[in-house]
Amino acid sequence: MINPSQTLWTPLAPLDLDWQGDAPVARDTGDIFFSTEDGLAESDYVFIEGNRLRERWRTEAHDHSFAISEIGLGTGLNLCLTVAQWLAHRPNGARLHYVGCERAPMRPADMQRALSHWPDLAPIISALLARWPDPLPGCHRRHFPEWGITLDLWWADAADALQDLASHGRPWVDAWYLDGFAPARETGPWQQRLYDAMAGLSRAGATFATFTAAGEVKRGLAASGFTVSKRPGFGNKRDALCGTIETPRTAPPVTTPWDLNAFSKTPDHVLVLGAGLAGAHAAFALSRRGIPVTVLEANTLASGGSSNLQGVTYTRLSHQHNPLTDFSLAAFGFATDHYDTLLRDEKLTEGEDIGLGGYVQLHEADETLAHLEQVLPLAPDFARLLDTEALATLTGLQPRCGGIHYLRGGWLNPLAVCRALLSHPLISVQTGCGQVSLKRAASERWQAVDEQGRVLGDADAAVLATAQSVRQQAALHWLPLTTIRGQTTHVATTPGLEKLSITVCDQGYLPPARADVHCLGASFGPGDLGVDEREAEHAHNIDMMKTALPDLDLKAPQGGWQGHVAHRCNSNDYLPVAGPVPELEAFNTCYERLRHDRKRLIDAPCPLEPGLAVLTSLGSRGLSAAPLAAEILADQLMGTVPTIPRYLQRAVSPARFAERALKRGEPL
């Protein structure tokens, strides 16, 4: 499995290119990306026809989401052509999942130049490049509901990425594009472990197609169980390979599967408890997969920890990989695209619900900043280092030091976000329900019951998204969650503050004004359940911002500062808790041998509470973490292709606490 923890963090370097006109050529190998005769016709012949996609879509794409995986994404030509053909030939309502792997993602400007040969593809190219991920290692998911397509872009070595996916032990892929450079020029993906991972990920009857007819490729695929055939090559090429696999080979487990849901299924209806950022995102992630959802909220929309006037999409870089940093970066990338999409679809209003332009993180010179100075130029659209004067010019205010300008994201109004998400036609919402609990009915469905014992709804699956209150459910009393009090301060804008163009973060945060008010903060009080506003915490917030911005002139209004108190929820490792709920007693029995041998591989499915999942512990980063955490939860419930490397899935799994306790010899 992929796990880069404790290695140096760096964006991926693009491939060095030469150009023959507007045709890209790899500088180190001299290999061309597509035929100069007719690259589009070659792509159609080799991959679309080689996998018989047009005819298969008519017969195979009704029952499930049809999945294609491309090894060697390159210019994106195959992807663009596939989208065009899918739109022309897909059955009504069918869905396509496209998984592309690339270890040296091409710069968007180079892609635009390379694909300019085909003006008919321009609308597709523009839509893709407008949402193209930064070259940060990992998986980047983009939903295109108007096309019926989910796109996963894995910026990683293809063999590593596919082995990671294959470790889930599920067949997902219907067709393969093998489009790496010629084996004779570059070994690249052409290796046995990649073919074995392909076999483990293939559904029965999955096909592959490639431009090459190299003997080592043919032998490697055959050794993995594929039936390999030759067909005439395109243009001057004599032969090309294609084939099928009728009996997929499940990959042997590489680690104890306590993080996997071996009992996943597509629910016919889901109950979600909680209508804050966690519950709204969980409901939205499920509804856009076609699942009807009922949301039950004790109070009002976006109450509790989601009730601040403004919040910020936020991440924080480190010079080394670790699960907390890596999840934060993955979540930030997914969230910023997610909110941009809501804005583009007119679900959010700029200036009222959302403010773009990214944010600034003040950061004094240290080892991390020195490393970032060397590597951030590889991701120029993601973040850049700026000195004190450059930050002053950017923000309109003088900061205490230089720092990092993250170019994506910005501030949001959490209530507006929740309203936008819960407006989906498959979601129904009931507020003012009071305390609601779940119980398992004789029908083996989940029932939501209020304090008077009335059944408010039932479904075959349920999601608990009620912050620290999830522990009131008997199945989750053991979660190590902490309540954290946070008080924000509302500052009326001034002529000086009006200059502020983007959010400034230091120990606290100060966004541009919304409706002439800046919501700055916040205090941090672990275990403090108080709801009273406190003068000392307002003073703390103001002092934090005066330290960050020494010239800031903030005078308390007559009657003193006013603000808002909310309670956040964090786990003891500060990562979200997202996924199926383990049945604790059975879990401890199943994996009991971990108490005596921490490294033992126990090949047994994780015992789970049937159809029950949880999404909590978003802390102060709910706007950034909730979209991806909800996506992970939905994939786990339904058994669909995961959107993150498995080490991150394990890092946010609810079962991680039970597994760690067993390894300590202190089962929960």
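Numbers for residues simply follow the sequence, beginning at 1.
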Check salt bridge (charged side-chain N to carboxylate O under 4.0 Å, His left out) between [X] and all other residues, then give those that pass, not counting sequence neighbours.
{"X": "Arg249", "value": "none"}
{"X": "Asp340", "value": "none"}
{"X": "Asp345", "value": "none"}
{"X": "Arg56", "value": "Glu60"}

Using the side-chain contact (heavy atoms from CB on, under 4.5 Å) rule, take Leu17 and Val25 through it: C-alpha gap first, then chi angles, then the decisive distance, then the call.
CA-CA 6 Å; Leu17 297 176; Val25 179; over 6 Å; no
Given the side-chain rings of Trp57 and Trp86, with only the six-membered ring counted for Trp, is the space between their centroids under 6.0 Å?
yes
Under the 6.0 Å and 45° cation-pi test, does Arg203 pair with Trp172?
no
Could you tell me whether Arg408 sits above the aromatic face of Tyr339, with NZ or CZ closer than 6.0 angstrom to the six-membered ring centre and within 45 degrees of the axis?
no
Only one of Arg141, Glu631, His281 passes side chain to side chain contact (heavy atoms under 4.5 Å, CB included) with His338, and that residue is His281
Between Phe208 and Phe226, is a ring pair (Phe, Tyr, Trp, His ring centres under 6.0 Å) present by the stated rule, with each step listed?
CA-CA 9 Å; Phe208 79 87; Phe226 288 89; 5.6 Å; yes
As an exercise, state the distance from [atom1] of [X] to [atom2] of [Y], rounded to the nearest 0.5 Å.
{"X": "His117", "Y": "Leu77", "atom1": "NE2", "atom2": "CG", "answer": "9.5 Å"}
{"X": "Ile124", "Y": "Asp120", "atom1": "CD1", "atom2": "CG", "answer": "9.5 Å"}
{"X": "Trp154", "Y": "Cys101", "atom1": "CH2", "atom2": "SG", "answer": "8.0 Å"}
{"X": "Phe332", "Y": "Ser624", "atom1": "CZ", "atom2": "OG", "answer": "7.0 Å"}
{"X": "Arg170", "Y": "Leu201", "atom1": "CZ", "atom2": "CG", "answer": "12.0 Å"}
{"X": "Cys80", "Y": "Gln85", "atom1": "SG", "atom2": "CD", "answer": "12.5 Å"}

Results of side-chain hydrogen bond (donor to acceptor under 3.5 Å, both in side chains) for Asp44 - residues two or more places apart only:
Arg54
Partners of Tyr195 by side-chain hydrogen bond (donor to acceptor under 3.5 Å, both in side chains), sequence neighbours excluded?
none
For Glu444, I'd like to know if atom CD has over 12 heavy atoms of other residues, nucleotides or ligands within 6.0 Å.
no
[Y]/[X] salt bridge by N-O under 4.0 Å criterion:
{"X": "Asp157", "Y": "Arg193", "result": "yes"}
{"X": "Arg344", "Y": "Asp337", "result": "no"}
{"X": "Asp22", "Y": "Arg113", "result": "yes"}

Evaluate side-chain contact (heavy atoms from CB on, under 4.5 Å) for Leu136 paired with Phe382, printing each intermediate quantity in order.
CA-CA 9 Å; Leu136 308 183; Phe382 171 64; 4.0 Å; yes
Using the ring of each side chain (for Trp, its six-membered ring), is [X] parallel, tilted or perpendicular to [Y], with breaks at 30° and 60°?
{"X": "Trp155", "Y": "Trp132", "answer": "tilted"}
{"X": "Tyr98", "Y": "Tyr177", "answer": "perpendicular"}
{"X": "Phe334", "Y": "His143", "answer": "perpendicular"}

In terms of heavy-atom contacts, Ser287 and His424 come closest through OG-CG, 3.4 Å
Please find the pair of heavy atoms, one from Ala156 and one from Leu12, that lie closest to each other, and give the distance.
N-CD1, 4.2 Å
Examine distances only and state if a side-chain atom of [X] and a backbone atom of [Y] form a donor-acceptor pair shorter than 3.5 Å.
{"X": "Asn261", "Y": "Phe263", "result": "yes"}
{"X": "Tyr591", "Y": "Thr256", "result": "no"}
{"X": "Gln192", "Y": "Gly220", "result": "yes"}

Decide side-chain contact (heavy atoms from CB on, under 4.5 Å) for Phe587 and Glu659; before the verdict, give the C-alpha distance in whole Å, the side-chain angles of both, and the deciding distance to 0.1 Å.
CA-CA 9 Å; Phe587 184 99; Glu659 185 256 359; 4.1 Å; yes
A side-chain contact here means heavy atoms from C-beta on lying under 4.5 Å apart; do Leu628 and Ile644 qualify?
yes
Under the side-chain contact (heavy atoms from CB on, under 4.5 Å) criterion, do Phe327 and Val652 qualify, and how do the steps go?
CA-CA 9 Å; Phe327 181 85; Val652 301; 3.9 Å; yes
